[in-house]
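Written out below as C-alpha cells is the structure these notes cover.
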Amino acid sequence: MGYKPTYTKEEIAEIVNWFSAHKFEQDIDMGSGIHIRELDTTLKQLIHVAQTKYENRVFSGQIHMLFKIKEELIKQGKVLGEK
C-alpha cells in the first residue's frame, strides 16, 4: 500500500490482523538505514499508534511503516508461517 495521509479503521484492523496471524523473523533491514532488531516490540508500539491515531495526519508516517514492514517481510521471505 502506498503512503496515505490518513487511514480507515478497516485498513488498520486488516494490517493488525495480518501481524497477529503470522510468525516472522525478529530482525529486518528496511533499507535507507533502517534496521529493526526487535520487531515484536516495534510492532507493538506502531500498532498502538495505528489503533488510536489512524485519523490523525501527524501519525501517518508511523502507521505507513506497518505496511512497509509487512511488504519487506514478504519480499525478504521472512514470514515463517501462520500462528
Side-chain angles (χ1 to χ4, degrees):
M1 172 181 285
Y3 173 81
K4 295 173 54 170
T6 60
Y7 294 84
T8 66
K9 195 172 190 173
E10 293 77 21
E11 289 169 322
I12 299 305
E14 183 181 320
I15 193 73
V16 170
N17 289 338
W18 188 88
F19 282 111
S20 295
H22 293 86
K23 294 184 285 187
F24 35 80
E25 293 184 22
Q26 291 299 301
D27 188 72
I28 186 168
D29 187 353
M30 298 292 293
S32 300
I34 300 171
H35 189 89
I36 302 171
R37 293 203 173 139
E38 295 182 24
L39 193 52
D40 279 343
T41 303
T42 300
L43 290 174
K44 181 179 176 182
Q45 297 300 319
L46 290 174
I47 286 170
H48 173 73
V49 169
Q51 290 175 325
T52 59
K53 308 290 186 185
Y54 63 91
E55 293 179 313
N56 189 332
R57 291 174 179 257
V58 172
F59 297 96
S60 60
Q62 291 90 331
I63 296 169
H64 178 67
M65 184 63 116
L66 285 170
F67 294 92
K68 293 298 292 175
I69 290 171
K70 176 185 172 185
E71 287 175 16
E72 285 299 318
L73 285 168
I74 293 168
K75 179 179 167 186
Q76 295 178 25
K78 293 190 173 192
V79 178
L80 304 174
E82 295 187 24
K83 286 185 179 176

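None of the values given here were measured: they were computed from a predicted structure. We're numbering straight along the sequence, starting at 1.
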*Would a hydrophobic clustering, with Ile, Leu, Val, Met, Phe, Trp and Tyr connected at side-chain separations under 4.5 Å, put Ile15 with Leu80?*
no
*In chain order, what residues pass the salt bridge (Lys or Arg N to Asp or Glu O under 4.0 Å) check against Glu71, with sequence neighbours excluded?*
Lys68
*Around atom CD of Glu25, are there more than 12 heavy atoms of other residues, nucleotides or ligands at under 6.0 Å?*
yes
*May I ask you to decide if the ring planes of Phe24 and Trp18 are parallel, tilted or perpendicular, using 30° and 60° as cut-offs?*
parallel
*asked:* Can a donor-acceptor pair be found, under 3.5 Å and without considering hydrogens, that links the side chain of Gln26 to the backbone of Asp40?
replied: yes
*asked:* Please find the pair of heavy atoms, one from Leu73 and one from Phe19, that lie closest to each other, and give the distance.
replied: CD1-CE2, 3.9 Å
*Measure the CZ-CD1 distance between Arg37 and Ile28 for me, rounded to the nearest 0.5 Å.*
13.5 Å
_Interatomic spacing from CD1 in Ile63 to CD1 in Ile12 - rounded to 0.5 Å_ = 5.0 Å
*Do Ile74 and Ile36 share a hydrophobic cluster, counting only Ile, Leu, Val, Met, Phe, Trp and Tyr and linking them when any side-chain heavy atoms are less than 4.5 Å apart?*
yes
_For the student: nearest non-hydrogen atoms of Ser60 and Pro5, plus distance_ = CB-O, 3.2 Å
*What is the minimum heavy-atom distance between His64 and Tyr7, and which atoms define it?*
CB-OH, 3.3 Å
*What's the spacing between Met30 CE and His35 NE2 if we round to 0.5 Å?*
11.0 Å
*Is there a donor-acceptor pair closer than 3.5 Å between any side-chain N or O of Gln62 and the backbone N or O of Gln45?*
no
*Is there a donor-acceptor contact under 3.5 Å from the side chain of Lys78 to the main chain of Asp27?*
yes
*Rounded to the nearest 0.5 Å, what's the gap from NE2 on His48 to CG on Leu43? Could you check?*
14.5 Å
*So which heavy atom on Ala50 is nearest to which on Leu66, and how close?*
CB-CD1, 3.7 Å
*asked:* How long is the straight-line distance from OG1 of Thr41 back to NZ of Lys44, given to the nearest 0.5 Å?
replied: 7.5 Å
_To the nearest 0.5 Å, what is the distance between OG1 on Thr52 and CD1 on Ile47?_
11.5 Å
*Within a reach of under 6.0 Å around NZ of Lys4, are more than 12 heavy atoms found that belong to other residues, nucleotides or ligands?*
yes
